[in-house]
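Everything below concerns the one structure shown next.
Naming convention: chains lettered A, B, ... in sequence-line order (proteins, then strands); numbering from 1 in each chain. The model shown is predicted, which means the values in this text are computed figures rather than measured ones. Atoms considered below: every heavy atom in the structure, side chains included; atoms not considered: hydrogens, waters and symmetry mates.
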Amino acid sequence: MTLGRMKRHFDFLEMREAPTKAFTKSFVLQVRPNDKGVTRVGFTVSKRISKLAVVRNRLRRQMREVVRLSPDIQTKYPSHDLVLIAKGEALNRDYTQLTKDFAYLLDHVHEVADDKKDNG
RNA sequence: UCAGAUGGUCAGGCAAUCGCUGUGAAGCAAUUCAUGGAGGAAAGUCCGGGCUUCGUAUGAGACACAAUACCGGAUAACGUCCGGGCGGGGUGACCCGAUGGAAAGUGUCACAGAAAAUAAACCGCCCAUGUUCGCAUGGGUAAGGGUGAAAUGGCGAGGUAAGAGCUCACCGCGCAGGCCGAGAGGCCUUGUGGCAGGACAAACCCUAUUGGAAGCAAGACCAAAUAAGACGGCCGACGCUUGCGUUGUAAAAGAACAGUCUCAGGUUCGUCGUCGCUAGGUAGGUUGCUUGAGCGUGUCAGUAAUGACAUUGCCAGACGAAUGAUUGCCCUUUUGACAGAACCCGGCUUAUCGGCCAUCUGACUUU
RNA sequence: GGAGAGAUGGUCGAGUGGUUUAAGGCACCGGUCUUGAAAACCGGCGUGGGGGUUCCCCCACCGAGGGUUCGAAUCCCUCUCUCUCCG
């Protein structure tokens, strides 16, 4: 029941070609299956969100907490890579709203992934 | 009590639950336990160092370039700090000042104005001559007007045709002298000069002092991919232990090498074979990486910056980057200032809701 | 993290102390020409504030704020923003 953390720059570049994604006003979620048998998650908060390092750090910590406390990631996406990218709207939301956004993202991705599988 | 000045300090606190990360211990291991875990600015990268590499890095000198600029002290060093001087502001505590030289030289000072820097004369004022009585010509003058950011000491008296440092008193200024001070500088019932020397050096410059360059993405070690070099002999030189070690122009001349040049010194530049399982080193990993001109406390020296001694503890060390999330209570004021270490220190500058402490100033009241 | 460059009207861009009328091009607006348009030619054209009143005048603005100077887009300092390079 351990969540892997994605840290290599190379992995993030690969995720740009991820087959399945999901969007809200606060986040972009990229999802891709891997062959490591572990679900790994990466986070991106760019300088475009805010120039202040304090603001970016707090947002990333909240995102990490949201993902950590979501119980059904592993059951929905076993052995997948996920990258959660923050958008500017995320700064205007509190913790509970971010939780709801992430839950919405997980469901939304599932549908898109099914469509992709039908096409391929 | 109100208003203010200066310096210092804090940066919401406590508890619970679930998590992150360094170190140590236990364990075959998963993991468990203990313990440490952002700032006064961590920021801007504006200065000064340490450290590392570059060719030795403090070899010497000259030039160029850059920076700094009252005096004395502090410091590893500084453009920083402390004390003092001078100028300016404030009733005052106190604050502000890129504060050397314009008498070494060059340059600039638009427009306006007669004239903008070895003075000059537009309107004036005065004298002489001429006169058509409007004035014209020649000369004297710089007090007044006007222009400008700035007009060649100020004011009064004497003086004169009118005036003028032309003369004199006072003030200002320069030079010299004396006294005080470590010095910047200050003071003088002192002498002297009739005043020469407008402003700009954040214009060039002069004088004095300082500075090699690049930066932890420096650098060191291990080492996929890819690709080409590495090692040994010969010859020569040097050393002694005389058969090994060190080395590649050693004898002469020359070339290249970090702003330029000179002197001194240094490095590199021979040839033939062998190996491809080797060598170098990219991705990646390890290291540099935190014990330090450190911080705290106390005593002593000093007006102070700071220094000396004693003592206790080891006080972040990450690398897509650790301090968070949620809940409750308390505090002030909705709500919680500015803001996140990235090799490490000393400063400066900038951002910052407020609270607290100390010393001092002014006004009012009371005793 | 470190090193460097830049910012001038709607846009591109010259100007390096002196009423700069803040050149010039593009874009935009009006006119001439045309059946109409394009091209060409001629003229106009930044923003904000104030004063008189339909046409002028004055002031401010060259990323922001200070300073030097009689005078700053220009020289000096601080800040903001943008871009480039170093694995």
Return the value, rounded to whole Å, for the distance between atom CG of Leu52(A) and atom P of G39(B). 18 Å
When the C1' atoms of U249(B) and G266(B) are compared, how many Å lie between them, rounded to an integer? 15 Å
Measure from CZ on Phe43(A) to C1' on G320(B) and round the result to the nearest Å. 11 Å
For the side chain of Tyr95(A), counting heavy atoms from C-beta on, which of A325(B), G320(B), G340(B) is nearest? A325(B)
Which pair of heavy atoms, one from Ala90(A) and one from Leu98(A), lies closest together, and at what distance? O-CD2, 4.2 Å
Please determine, for U306(B), whether a Watson-Crick or G-U wobble partner exists with both distances under 3.5 Å, and give it or none. A301(B)
Looking at the base of G340(B), is there any donor atom on it, or on the side chain of Arg61(A), that sits under 3.5 Å from an acceptor on the other one? yes
Hydrophobic cluster membership, Leu105(A) vs Leu91(A), 4.5 Å side-chain cutoff: yes
Cut-off 3.5 Å, no hydrogens considered: what does the side-chain donor-acceptor table look like for residues 59-67 of chain A, sequence neighbours left out?
residue  : atom : partner  : partner atom : Å
Arg60(A) : NH2  : Asn57(A) : OD1          : 3.0
Glu65(A) : OE2  : Arg68(A) : NH2          : 2.5

With sequence neighbours excluded, what pairs up with Arg93(A) under the side-chain hydrogen bond (donor to acceptor under 3.5 Å, both in side chains) test? Asp101(A)
G15(C) and C62(C), which share atom name C1', separated by this distance in whole Å: 11 Å
If I pick the P atom on G30(C) and the same atom on A73(C), what distance separates them, to the nearest angstrom? 36 Å
Taking every heavy atom of Ile49(A) against every heavy atom of Ala86(A), the minimum-distance pair comes out as CD1-O, 3.4 Å
Specify the glycosidic conformation (syn or anti) of G40(B), with syn defined as within 90° of 0. syn
Minimum side-chain heavy-atom gap Phe23(A)-Leu29(A) below 4.5 Å: no
Suppose you measure atom C1' in G219(B) against the same atom in U52(B); what distance do you get, rounded to whole Å? 6 Å
G7(B): syn or anti, with syn meaning chi within 90° of zero? anti
Return the value, rounded to whole Å, for the distance between atom CG of Leu59(A) and atom P of A325(B). 11 Å
Integer-rounded Å distance: C338(B) C1' and Arg58(A) CZ: 13 Å
Can you tell me the distance, in whole Å, between the CG atom of Asn57(A) and the C1' atom of G39(B)? 14 Å
Side-chain N or O of Arg64(A) versus OP1/OP2 of U323(B): is the shortest distance under 4.0 Å? yes
Would you say the side chain of His80(A) lies within less than 4.5 Å of the side chain of Pro33(A), judging by non-hydrogen atoms? yes
Glu65(A) CD to U327(B) P: how many Å, rounded? 12 Å
Suppose you measure atom P in G296(B) against the same atom in G8(B); what distance do you get, rounded to whole Å? 14 Å
Whole-Å distance separating the NZ atom of Lys47(A) from the P atom of G320(B): 16 Å
Nucleotide opposite U17(B) in a Watson-Crick or G-U pair, distances under 3.5 Å: A325(B)
Separation of the P atoms in G328(B) and U32(B), to the nearest angstrom: 29 Å
Pairs under 3.5 angstrom, nitrogen or oxygen only, protein versus nucleotides 79-85 of chain C, please.
residue : atom : partner  : partner atom : Å
U82(C)  : OP2  : Lys51(A) : NZ           : 2.9

For the C1' atoms, the ones on G84(B) and on C109(B), what distance do you get once it is rounded to whole angstrom? 39 Å
Same-atom distance (C1') from A7(C) to A64(C), integer angstrom: 12 Å
Rounding to an integer number of Å, can you tell me how far Arg60(A) CZ sits from G340(B) C1'? 10 Å
Of the non-hydrogen atoms in Thr39(A) and Ser79(A), which two are nearest, and what is the gap between them? OG1-N, 3.2 Å
